[in-house]
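Values in this document were obtained by computation on a predicted structure and should not be read as measured data. Letters A, B, ... are given to chains in the order of the sequence lines, protein chains preceding strands, and every chain is numbered from 1. Excluded from the calculations below are hydrogen atoms, water molecules and symmetry mates; all remaining heavy atoms, backbone and side chain alike, are included.
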Amino acid sequence: MKAFLVRIKDKPAQEITAERLSAREALQSLQVGGLDRVAAVRVNGVPCDLSCDLGNEATLEPIYVHTEEGLGILRHSTAHVMAMAVKELFPGIKVTIGPAIENGFYYDFDYERPLKEDDLPAIEEKMEEIVEADLPFTRQEMSSQEAIGFFSDQGETYKVELIQDLGAESVSLYSQGSFTDLCRGPHIPSTGMIKAFHLTHVAGAYWRGDENRPMLSRVYGVAFSDPKNLKKHLRQLEEAQKRNHVKLGPQLGLFNTYEEIGAGMIVWHPKGAMLRHVLETFEVQEHLKRGYELARGPQLLKTELWKKSGHFENYRENMYFTEVDEQSYGIKPMNCLAHMLIYRSEIRSYRDLPKRYFELGTVHRHERSGVLHGLFRVREFTQDDAHIICTPDQLNGEIKGVLDFVKDIMGFFDFEYDLEISTRPRKSIGSDQDWELATGALIRAMEDNRLEYDMNEGDGAFYGPKIDVKLKDALGRSWQCATIQCDFTLPDKFDLTYVDKDGERHRPVMIHRVILGAVERFIGVLIEHYAGAFPTWLAPVQAVVLTVTDRNIPFAQNVTKGLEDADVRVEGDFRNEKLGFKVREAQVQKIPYMVIIGDKECENNQVTPRLKNGQNLSPMPVKELIDRIKDECEQRR
RNA sequence: GCCAGCGUAGCUCAGAUGGCAGAGCAACUGAUUUGUAAUCAGUAGGUCGUCGGUUCGACUCCGUCCGCUGGCUCCA
């Protein structure tokens, strides 16, 4: 018999004498409630199975299945259940990896044919059986060599590869029923804890994300500790779908794509073009306020220049080329080159720096066809791009300035965002020293501004490291918007200089940066953020004048004219229809103000505004409405 | 690019197993003159994404191309 000293975190310890003691037994004797809802347990901070044996002293924290961490474990276990079901249904199929992910789980399989959506019901049915059977998850340790033998015998070559790559002495295996998987764990006690799950979709996925390796079948699913939560989740997905900019955009007359024009090319309809115009005007103002100068380069630049900059060498696959008068030209995928030449067109003094050139620059990039998506990934887009050329001493201050700019704009739109620093990619130019310097500058600026960030190794631009700002769409997918990139190489390649106090020429450094990122993508995020109901200052149509009857048309025309003259973006709906019909249409179009004109209004020379939330304002003179709208525009509400 | 799903009227969608292409909304015409989310009636509208094949016959089956959607390490 041994003595075990156990406690729940922050509670008094209890001594238990036993031959051996599992975490479950300890929790029982510590009288922890709701044990049937405990997915796993932290033992001295390490996540473990409930069945794990404790050492002689242990601080325990139960992980309940409804918590985020508990759900992750439940989902991971559900992935194992799915793998078991799939192996039973498709003999000879190979399992690979199956982690829990945000909002669900997946498992990748290799089979003689790709799995299809039609296969899912059968898999779900089989999973149901496994859950019903309430099979316990059991863990065993095995030496890597033994485990390799074990999986080789089953033909599970991917597992063998994983174990070899791990390079550990021993590995852990988890089994439920006849199914055994290589896994770190922990897992839920038994399959019966899975109260609700649903397989959502299948997709192809390369083994280890590498397109040179086999294409696997990935099955995605969700799992919950309570069927109610599954229903809730599915409802939320439906709600998110209503915000989908790919649907809303064309419905609201903002933009469309045309098969006959080409993939990844957006056509802006009048309302969308107006929205862009408002946003771009705002952008220009915000830049001018912050000491940027406007600049503008052409779409076509000689291929020779792209060779000089390194784009031809490093970015060619993403570029379009054409020939003009037997000269090769490249369509710009970035805006920097013209700005370099603008800088170089004069001798620059240290007194002139920093130079900040801003351009709403339209670029073309050849994105792979499969990644195109609505406004979020397109082949032609406009960046709110700027290049800051400064002395090395100014670099930190300039980066911090841009970070503040980003914070202002994102705060202005009420966006939450994540920050990421990306480091040197395999295909890149420049010396190690410059890369270190540049990466260090980014990290320092982040830390000076006390910002939290993730590291994304090897994902930088070919000419320098970058800070990325990521926003989430309605479905929780994150998209890069703002980015700040340090560049020591282009100033070198273009021999940019400034004359310093010492009278000598020195090399400036450069920052590439965008705030919104691509106007297209940003508008996509905006549409989803506002669910298409834009605030007054952004709304392409701010007001629609609605007549009750034909008698009211002359006055309504006056009102419309008055609003137009005051630069309100207004439309008139004088059709011979019932008011309810016209209100409905304006509502569906999410127009901020409906201006109702009936006999009463005509008599009193007033208008009755109806807000898109359904609220009626009391009748007022047109002037008052104009002031109200103007005020909202000024305050950008 | 690769894997899966999808493409029928301007929009949303029906159209078992191959046998003359349908509805609602929108559009147009007329009636109605309307007070806060759909007034009524009529008319018109389609090379079933493209091109090719199989077949007596293809929206339907096969192939090609075009386009759209989801996904392509959140690491056992």
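- Near-neighbour residues of RNA chain B inside residues 373-380 of chain A, defined by a heavy atom below 4.0 Å, number-ordered: A:His373, A:Gly374.
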Protein N or O to nucleotides 46-49 of chain B N or O, pairs below 3.5 Å:
none

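- Non-hydrogen atoms lying under 4.0 Å from RNA chain B are contributed by A:Asp599, A:Lys600, A:Glu601, A:Thr608, A:Arg610, A:Asn616, all within residues 599-616 of chain A.
- Among residues two or more places apart in sequence or in another chain, the ring-ring contact (aromatic ring centres under 6.0 Å, His included) test is passed with A:Tyr417 by none.
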Using the 3.5 Å cut-off, write out each protein N or O paired with an N or O of nucleotides 12-15 of chain B and the distance between them.
none

So what does the secondary structure string of RNA chain B come out as, 5' to 3', with Watson-Crick or wobble pairs under 3.5 angstrom, [ ] for crossing and | for pairs with another strand? (((((((..((((.....[..)))).(((((.......))))).....(.(((..]....))).))))))))....
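- For residues 253-268 of chain A, the pairs satisfying side chain to side chain donor-acceptor pair (under 3.5 Å) are A:Tyr258-A:His269, with sequence neighbours left out.
- Listed by residue number, the members of residues 152-168 of chain A with any heavy atom below 4.0 angstrom from RNA chain B are A:Lys159, A:Leu166.
- Pairs of residues two or more places apart, or lying in two chains, that qualify as ring-ring contact (aromatic ring centres under 6.0 Å, His included) and include a residue from residues 145-168 of chain A are A:Tyr158-A:Trp207.
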Extract all donor-acceptor atom pairs below 3.5 Å that involve side chains of residues 543-560 of chain A and protein atoms in other chains or at least two apart in sequence.
unit_1, atom_1, unit_2, atom_2, d
A:Thr547, OG1, A:Lys582, NZ, 3.0
A:Arg551, NE, A:Asp599, OD1, 3.4
A:Arg551, NH2, A:Asp599, OD2, 2.6
A:Asn552, OD1, A:Thr549, N, 2.9
A:Asn552, ND2, A:Asp599, OD1, 2.8
A:Thr560, OG1, A:Ala556, O, 2.7

Side-chain donor-acceptor distances from residues 87-103 of chain A under 3.5 Å, at least two apart:
unit_1, atom_1, unit_2, atom_2, d
A:Lys87, NZ, A:Glu156, OE2, 2.6
A:Lys94, NZ, A:Thr157, OG1, 3.2
A:Thr96, OG1, A:Asp108, O, 2.7

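- In the region residues 71-93 of chain A, proximity to RNA chain B at under 4.0 angstrom, judged on heavy atoms, holds for none of the residues.
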